[in-house]
Protein chains: 4
Amino acid sequence: MTASSTFQNLPAEKRRRILDGALDEFAAGGYGGASLNALVAKLGISKGSIFQYFGDKAGLFRAVFNHAVELVVELLRQVRGASQGQDLASRLLQSLAAGLALIQGQPRLFQLYLRIMFEDGAPFRGEMLAAVRAFSRQYMLDLLEDAARAGELRPGLNLEAAVFVLDAVLERFLVAHSQEHLDGGLGLFAAGHELAADKAAVVVETLLAGLGARPC
Amino acid sequence: MTASSTFQNLPAEKRRRILDGALDEFAAGGYGGASLNALVAKLGISKGSIFQYFGDKAGLFRAVFNHAVELVVELLRQVRGASQGQDLASRLLQSLAAGLALIQGQPRLFQLYLRIMFEDGAPFRGEMLAAVRAFSRQYMLDLLEDAARAGELRPGLNLEAAVFVLDAVLERFLVAHSQEHLDGGLGLFAAGHELAADKAAVVVETLLAGLGARPC
Amino acid sequence: MTASSTFQNLPAEKRRRILDGALDEFAAGGYGGASLNALVAKLGISKGSIFQYFGDKAGLFRAVFNHAVELVVELLRQVRGASQGQDLASRLLQSLAAGLALIQGQPRLFQLYLRIMFEDGAPFRGEMLAAVRAFSRQYMLDLLEDAARAGELRPGLNLEAAVFVLDAVLERFLVAHSQEHLDGGLGLFAAGHELAADKAAVVVETLLAGLGARPC
Amino acid sequence: MTASSTFQNLPAEKRRRILDGALDEFAAGGYGGASLNALVAKLGISKGSIFQYFGDKAGLFRAVFNHAVELVVELLRQVRGASQGQDLASRLLQSLAAGLALIQGQPRLFQLYLRIMFEDGAPFRGEMLAAVRAFSRQYMLDLLEDAARAGELRPGLNLEAAVFVLDAVLERFLVAHSQEHLDGGLGLFAAGHELAADKAAVVVETLLAGLGARPC
DNA sequence: GATGAATGAGTGTTCATTCAT
DNA sequence: CATGAATGAACACTCATTCAT
C-alpha cells in the first residue's frame, strides 16, 4: 500500500478520476515530463491534495503504476482461459489480438509502459519493468509448455530462446501498431494495407516455420 | 543542414566537442530532461553561443541527431562488407556482435535512440525513428536477399515478415544487453550465465529453424 | 490561561503528551520552523484538534511555553533550598551544577529558550524572555543579599551590576556547555579538558576575586 | 570565494545593494525565515538572478556572512589602535562604546549574529560562530596581556577564565542594549535610566574589583 | 561573432488554517 | 467534540530564451 489513508478514504469515483488523470499525464509526458500543476488543473483539485494523497510525485507515480497493473491484469484474466486446448498458432494470434484490443481500448497503459521503459530518471523503473517482463515471459512459457505437451514443437527447441523470440516479436508487433501514425508506420509491412490480423498471421507463421530452408 | 553557418565555421575540433557533449546530455536525460544550462557549464562555452549556433533547443537536438547518425553509419559501413559471401546465420551473428560492440563503445548512441523512441515531446521523433528503422530494415533485407539467392531460405518465406521478425529480435537482443544491470536483466536467459555470443547463437538458430515441428 | 476548556478537559496524560511533543517540535525548529503537520503526525492526533485546543499556532506556542516554565520552576524549586546557609561561592557552583543537570535532563527546555531568545517572529517573545530573566535575576539577587548579610561581599559593591554580571556569566557557561559539540566548544577553555565542575570553580573564583590587582 | 563570477562582475554598487538587502532579510528572519521571494521583490531583481549569483540560498547566506564579517572587521580595525597604552578599564569601556556604536550604526549585523547563534538549521553556523568567537576571545586576550605586562592584573588570575568572563559580560551588555525595547529591557538596571556609559562603567568596575570581600 | 546577465514562468513541495461531516 | 479532506499561498529552485555589450 503506497497511497495515504486519506486517499483510500476518498469515494471510489474520485479515486478513479485522479488515478486516471495521472495515468494520462504520465503516459503523455513520462515521469519527468508530467506536470503536477497541469494535472491538478485538469482534475480541478488543489495542488496540496496530491501531496496529501501520495506524499510526492514518485508516490503518485507508484500508485498510478499499481493502478495500471491492476487494469491490465484484470483485462488479461478475462482473455486467458478462452484459448485453452487450441493449437499454438491460434493462441498466439488470439494473444496478439487481445494485445491490440488492449492498446486500442486503453492506449495510455501501453504508452506508459513504453515511456517508462527507457526513461532513466523514473523511480521504480527496475521493479516496474521486471514485473511486466516477468508476466509476459511467464505467459509465453505457459503457451509453449502446453504446445510442447501437444507435440507441436520442434524437437530440440530451446524454450528460453523461444520465449525470448516470442516476447520480442509480439511486443514489437504491438509497438508498431501503437505508433503507426508515425512516419512510415515504423516499417511494419509499410507498403501494404492489410488488416492487422492478416499481418499477425504471417508473422506467427514465419516464427513457427522458421526462416531457413529445411534440410529434411 | 540545420546548424547556422556560424557553427559550420567553427574549428572542427570545437564542433565535435559541442556535439559530443550535447549527445551526452540528450542521451542521459532525453530531450525534455536535457539542460542547456548544464550543457554550457560542462562545455565551458557561453549560453548565447548555443542559440547562435542552433537557434533553439530543438535545433541543437536535430544537429546532435544528425551527428549521431553519421557516427553510426560510419561505424556500420566498416562492418558491412566483411561478411559478404558467408551464410545467413554467420552474418546475423556478426551483425549482433557488431551491435554489441557498438553499444559498448558508444553507449550514448544507443541510449539516445532508446530515449527518443518513446518520448512524445521530442521534436523530429518521427523522422528520426523512420531513418533508423529504414536503415535497419534495409540492412536485414540485404542479408535476406543474399541468402535467398544462395537458396538458404525456406521456400514461401514472406520476406517482409522475416525482416520484421529479425529487426524485432535483434534489437531486443541489444536492448536486453544494454539493460542487463536492471532487475533480472529483463529476463533474457535470466537463469543462465553463458556469454552473449552463445545466447546469440541459440536465438539465431531458433529463428532459422522455427518453433514448430516440421511436417515433412 | 490560554488553552481552550476543551483542552483542559482532556485526560492529564494526553495533555502532557501533546505539550511534550509540541515542546520537542518548537525546541527543534524554533517557532517559525515548527510544523504542525509534523506535530500531529508524531502525536497521532487530528490536525483539527490542535486548532480546537489552542486556536492557532501562536496559542499552542504560548501553552507550550507556560508548560515549559512550570517544568523549570518545579525543577528549580527542588534545588533551591538545599544550599541555604552556605557561602556564596558554593551556592553559585551548586546553581551552575543544577543548571548543567537541567540541560542534560531536559535539553529541550534550554534549547527552546535559546531558540526563542532571538527569533523575532516568535509571539510573546518579550513576555517570555522577561519572565525567564526576571526569575534568573531574582535568584541571583537572593543569593547576593544572603551573602551581603553574611558579610561576604565587597563593600561598595553595586548589587544591580553584580546581578547582571552573574546572570551573564552563568548563562554563558550553560550555553557553552550546551553547544560544546560546535566548533571549538565556542571557546570556553577550549584547549583544556578539565571537567565542567573544575571550569566552574575557576570562573566563580575569578568573579569573586575580580580581575584587577588589589590596591590594598 | 563563494559567489559566482557572474556576481563578481556586477557593478560594485549593485553588489552592495544586493548583499545589503539580503543582510536585512536574514537579520530579520534568520536563515530559515528569510524569503528569497521577498528579497528579490525588495531589490527589484528577478528570482533567477539570485540563483545565478549564489547557487542557492545557503550560498547567498555565506556571501552575506562574509560581507558582514568584512564590515565588522573594517570597523573594528579603525577602533583598535586608538586605546593603545591606556589602562584596562578605559580600554574595556572604549570597546563597549565601540560595540554600542556598531549596534546603533549597523544594527542588522549584530542581529544577524544573534539570530544565527541558536538557529540549528542555519548552514555554516559552526564556522560562523567559531569565527566570531575566536575574534572576540583574541581581542580580550590582547587587552588582558597588555594589562598583565603593565602589572594591572591580580596575581594568580586565570587568563582563560578572565577572557571567558569578559566575553560573556560584554556580549551580554550589548545584547541587553540591542533588546532594550523588549519588555523590561531584559533586566539590565531595569529601574534606572542612566546612560549606557554609566552602566558600563559600573559593570567594568565590578568585574575588575570582584564581588567578594577582600581578605587582605 | 561571442558573451553572460537578466528574465519570469515553470517545477515539486510544505504550510497553517478551515469546515463539512 | 473530533476528525481529516481541502485549500492556496508560499517556499526554494531550474529552465530555455533574449539581448545589450
Side-chain angles (χ1 to χ4, degrees), chain A residues 4-11 14 31-40 44-60, chain B residues 4-7 9-10 32-41 44-60, chain C residues 4-7 9-10 29 32-41 44-60, chain D residues 4-11 14 31-41 44-60:
Chain A
S4 80
S5 71
T6 299
F7 184 67
Q8 305 301 339
N9 292 342
L10 253 39
K14 185 170 187 181
Y31 180 76
S35 160
L36 299 189
N37 284 342
L39 175 61
V40 298
I45 66 176
S46 80
K47 212 176 340 181
S49 291
I50 288 292
F51 290 87
Q52 189 138 67
Y53 300 156
F54 305 104
D56 57 9
K57 193 184 187 182
L60 171 61
Chain B
S4 79
S5 68
T6 303
F7 182 67
N9 292 339
L10 251 38
S35 159
L36 299 190
N37 286 339
L39 175 62
V40 298
I45 67 175
S46 80
K47 218 177 323 192
S49 292
I50 289 291
F51 289 87
Q52 187 127 54
Y53 299 154
F54 305 104
D56 58 8
K57 193 183 186 182
L60 170 61
Chain C
S4 78
S5 68
T6 303
F7 182 67
N9 292 339
L10 251 39
S35 159
L36 298 191
N37 286 338
L39 176 61
V40 298
I45 67 174
S46 81
K47 218 177 324 191
S49 292
I50 290 291
F51 289 86
Q52 189 126 53
Y53 298 156
F54 306 104
D56 58 7
K57 194 183 186 182
L60 171 62
Chain D
S4 80
S5 70
T6 299
F7 184 68
Q8 305 301 340
N9 293 341
L10 253 38
K14 185 168 186 181
Y31 180 77
S35 159
L36 299 190
N37 285 342
L39 175 60
V40 298
I45 67 174
S46 80
K47 211 178 333 184
S49 291
I50 289 291
F51 292 89
Q52 189 138 67
Y53 299 156
F54 306 104
D56 57 10
K57 193 183 187 182
L60 171 61

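Below, chain A is the first sequence line, B the second, and so on; all start at residue 1. Keep in mind it's a predicted model, so treat the numbers as computed, not measured.
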Is there a side-chain contact between [X] and the phosphate of [N], meaning an N or O under 4.0 Å from OP1 or OP2?
{"X": "B/Ser46", "N": "E/dG4", "answer": "no"}
{"X": "C/Ser49", "N": "F/dA2", "answer": "no"}
{"X": "C/Tyr53", "N": "F/dA2", "answer": "yes"}

Using only atom types and a distance under 3.5 Å, with no angle test, would you say the side chain of [X] pairs donor to acceptor with the backbone of [Y]?
{"X": "D/Tyr53", "Y": "D/Gly59", "value": "no"}
{"X": "D/Lys47", "Y": "D/Ala41", "value": "no"}
{"X": "B/Ser35", "Y": "B/Ala38", "value": "yes"}
{"X": "B/Lys57", "Y": "B/Ala34", "value": "yes"}

Subject >> 5′-ward residue of the pair A/Tyr31/D/Ile50 relative to DNA chain E >> reply: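 Nearest nucleotide further toward 5': that of D/Ile50.
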Original post:
In terms of the nearest nucleotide of DNA chain E, which residue is placed more toward the 5' end: B/Gly44 or D/Gly44?
Top reply: B/Gly44
Original post:
B/Phe51 and B/Leu36: which non-hydrogen atoms are nearest, and at how many Å?
Top reply: CZ-CD1, 3.7 Å
Original post:
Which heavy atom of B/Val40 sits nearest a heavy atom of B/Asn37, and at what distance?
Top reply: CG2-O, 3.2 Å
Original post:
In Watson-Crick or G-U wobble terms, both distances under 3.5 Å, what is the partner of F/dA20?
Top reply: E/dT3
Grab the N/O contacts between the protein and nucleotides 9-11 of chain F below 3.5 Å, and write none if there aren't any.
unit_1: F/dC11; atom_1: OP1; unit_2: D/Ser35; atom_2: OG; d: 2.8
unit_1: F/dC11; atom_1: OP2; unit_2: D/Ser35; atom_2: OG; d: 3.4
unit_1: F/dC11; atom_1: OP2; unit_2: D/Asn37; atom_2: ND2; d: 2.9

Subject >> Separation of D/Ile50 CD1 from D/Ile45 CD1 (nearest 0.5 Å) >> reply: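 If we round to the nearest 0.5 Å, D/Ile45:CD1 and D/Ile50:CD1 are 4.0 Å apart.
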Subject >> Between E/dT14 (P) and A/Phe54 (CZ): distance, integer Å >> reply: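 Computing the A/Phe54:CZ to E/dT14:P distance gives 15 Å.
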**OP:** Would you mind telling me which of E/dT7, F/dT17, E/dT13 lies closest to the side-chain atoms of B/Phe51?
**Re:** F/dT17
Subject >> Sugar-phosphate only, base, or nothing, as touched by C/Leu10 at under 4.0 Å among non-hydrogen atoms >> reply: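 Counting heavy atoms under 4.0 Å across all strands, the contact made by C/Leu10 is with sugar-phosphate only.
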Original post:
Base, sugar-phosphate, or nothing for B/Leu39, non-hydrogen atoms under 4.0 angstrom?
Top reply: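 Result for B/Leu39 = nothing.
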Subject >> First encountered from the 5' end of DNA chain F, between A/Phe7 and C/Gln52 >> reply: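 Closest to the 5' end, via its nearest nucleotide, is C/Gln52.
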